[in-house]
Enquirer: 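Below is a structure I'd like to ask you about.
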Amino acid sequence: MRNYAPNSPEAAARIVALVLISDGNVCRSEVDTLRHLEVEEELGLARGAFARVVRDLCEDLLMGAHSTRCMTAHLDEPMLASLMGSITEHGLREKVLHLAGAAARADHHLADAETRVMNVAWSRWSPELAVVM
């Protein structure tokens with residue numbers, strides 16, 4: 001998995017991207033929702049950078065899938081907790097939860113994989129956050 005600086009736009013975008021791809025089906029409504037919410041501007045990314053973060057995440061996950069044939073098999077609780085640990089700023093956590101939650105709800109179906117990622121984020125971040133979703 002690529003290393004991003006803590007609280008960097010890329011680290012935040014990777015968590016949003018993880019929710020986006022976690023169910024194996026990125027639909028148009030999810031992409032349109034993130035575009036409408038101006039995901040790149042909200043997270044401080046350059047234009048087109050969110051797509052690169054999504055691509056890089058998929059590449060990283062595919063590298064771990066060669067032996068298991070499952071792209072997300074190695075994303076266990078400690079790995080997810082580590083990814084969530086890269087975001088420590090309260091305001092950035094709120095943005096990530098808002099964007100990821102909006103993307104997950106955009107297709108009117110909350111998949112188990114999306115719920116799992118969001119639950120890890122909530123369990124790691126909730127003591128200091130107000131209701132965002």
Side-chain angles (χ1 to χ4, degrees):
M1 192 71 62
R2 287 164 220 262
N3 288 318
Y4 295 124
N7 300 309
S8 67
E10 294 80 10
R14 176 171 50 195
I15 294 169
V16 175
L18 186 57
V19 171
L20 186 69
I21 69 165
S22 64
D23 66 353
N25 181 33
V26 178
C27 71
R28 181 69 177 205
S29 62
E30 294 169 331
V31 173
D32 288 346
T33 295
L34 289 174
R35 185 175 297 125
H36 175 74
L37 293 174
E38 299 179 335
V39 65
E40 291 171 333
E41 292 83 2
E42 281 295 310
L43 297 178
L45 292 165
R47 186 174 174 95
F50 183 71
R52 282 190 294 281
V53 170
V54 172
R55 183 201 63 219
D56 291 347
L57 175 61
C58 290
E59 286 176 359
D60 290 345
L61 292 173
L62 284 170
M63 292 297 289
H66 71 281
S67 62
T68 62
R69 295 186 171 198
C70 179
M71 198 162 95
T72 58
H74 70 287
L75 283 177
D76 56 9
E77 297 302 313
M79 173 63 86
L80 288 172
S82 174
L83 293 175
M84 300 308 163
S86 68
I87 307 300
T88 60
E89 293 177 2
H90 176 82
L92 188 54
R93 286 176 171 180
E94 285 183 334
K95 285 181 184 182
V96 168
L97 285 172
H98 172 70
L99 294 164
R105 291 186 311 269
D107 62 358
H108 305 288
H109 171 72
L110 205 57
D112 289 344
E114 293 167 327
T115 300
R116 179 175 171 245
V117 176
M118 294 298 294
N119 282 341
V120 171
W122 272 106
S123 69
R124 298 274 304 172
W125 300 345
S126 65
E128 65 182 60
L129 292 177
V131 175
V132 178
M133 282 184 58

Enquirer: Before giving the answer on salt bridge (Lys or Arg N to Asp or Glu O under 4.0 Å), spell out for Glu10 and Arg14 the whole-Å C-alpha distance, their side-chain angles and the decisive distance to 0.1 Å.
Expert: CA-CA 6 Å; Glu10 294 80 10; Arg14 176 171 50 195; over 6 Å; no
Enquirer: Give, for atom OG of Ser29 and atom NE2 of His109, the distance between the pair rounded to the nearest 0.5 Å.
Expert: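 Separation between the atoms: 11.5 Å.
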Enquirer: Indicate if Met79 and Val96 have the same hydrophobic cluster label, given that clusters are the connected sets of ILVMFWY residues with side-chain heavy-atom separations under 4.5 angstrom.
Expert: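 Linked, Met79 and Val96 end up in one cluster.
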Enquirer: Is Glu77 salt-bridged to Arg116, cutoff N-O under 4.0 Å?
Expert: yes
Enquirer: Would Val16 and Trp125 show up in the same hydrophobic cluster when neighbours are defined by side-chain heavy atoms closer than 4.5 Å?
Expert: yes
Enquirer: Could you tell me the separation between the CD1 atom of Ile87 and the NZ atom of Lys95, rounded to the nearest 0.5 Å?
Expert: 11.5 Å
Enquirer: With no hydrogens and no angle check, is any side-chain donor or acceptor of Asp60 less than 3.5 Å from a backbone partner on Arg2?
Expert: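 Yes: the side chain of Asp60 pairs with the backbone of Arg2.
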Enquirer: Quick check: is Tyr4 connected to Ile21 through a chain of hydrophobic side chains (ILVMFWY, heavy atoms under 4.5 Å apart)?
Expert: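 They do not share one cluster, since no chain of ILVMFWY contacts under 4.5 Å joins Ile21 to Tyr4.
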Enquirer: Show the nearest heavy-atom pair for residues Ala49 and Leu45, with the distance to one decimal.
Expert: CB-CB, 3.9 Å
Enquirer: Donor-acceptor pair, distance only, cut-off 3.5 Å: does the side chain of Ser82 make one with the backbone of Pro78?
Expert: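 No.
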Enquirer: Out of curiosity, Leu34 CG to Leu20 CG, how far, rounded to the nearest 0.5 Å?
Expert: 6.0 Å
Enquirer: Please report the closest heavy-atom contact between Ala17 and Val54, naming both atoms and the distance.
Expert: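 The answer is CB-CG2, 3.6 Å.
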Enquirer: Can you give me the closest heavy-atom contact between Leu43 and Ala12, atom names plus distance?
Expert: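 Distance-wise, the nearest heavy atoms are CD2-CB, 4.0 Å.
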Enquirer: Treating Glu30 as the side-chain partner and Asp107 as the backbone partner, does any N or O pair qualify as donor plus acceptor under 3.5 Å?
Expert: no
Enquirer: Would Ile15 end up clustered with Val31 when hydrophobic side chains under 4.5 Å apart are linked, directly or stepwise?
Expert: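 Both belong to a single hydrophobic cluster.
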Enquirer: So which heavy atom on Ala103 is nearest to which on Thr33, and how close?
Expert: N-CG2, 4.3 Å
Enquirer: If you round to the nearest 0.5 Å, how far is CG of Leu92 from CD of Glu42?
Expert: 10.5 Å
Enquirer: Quick check for you: to the nearest 0.5 Å, what is the distance between Leu18 atom CG and Glu114 atom CD?
Expert: 10.5 Å
Enquirer: Identify the heavy atoms of Val117 and Ser22 that sit nearest to each other, and give their distance.
Expert: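 Scanning both residues, the minimum pair turns out to be CG2-CB, 4.2 Å.
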Enquirer: I would like to know whether Val120 and Leu83 meet side chain to side chain contact (heavy atoms under 4.5 Å, CB included); could you show each step before the answer?
Expert: CA-CA 10 Å; Val120 171; Leu83 293 175; over 6 Å; no
Enquirer: One pair to check against side chain to side chain contact (heavy atoms under 4.5 Å, CB included): Leu99 and Val19. What are the steps and the verdict?
Expert: CA-CA 10 Å; Leu99 294 164; Val19 171; over 6 Å; no
Enquirer: Would you check if the side chain of Glu40 reaches a backbone N or O of Phe50 as a donor-acceptor pair within less than 3.5 Å?
Expert: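 Side chain of Glu40 to backbone of Phe50: a pair is present.
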Enquirer: Do Leu110 and Met118 pass the side chain to side chain contact (heavy atoms under 4.5 Å, CB included) test, and can you show the C-alpha distance, the side-chain angles, and the key distance before you say yes or no?
Expert: CA-CA 10 Å; Leu110 205 57; Met118 294 298 294; 5.8 Å; no
Enquirer: Closest heavy-atom contact between Ser86 and Ala11?
Expert: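 The pair with the smallest heavy-atom distance is OG-CB, 3.7 Å.
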Enquirer: Measure from the side-chain N and O atoms of Asn7 to the backbone N and O of Glu89, and report whether any donor-acceptor pair falls under 3.5 Å.
Expert: yes
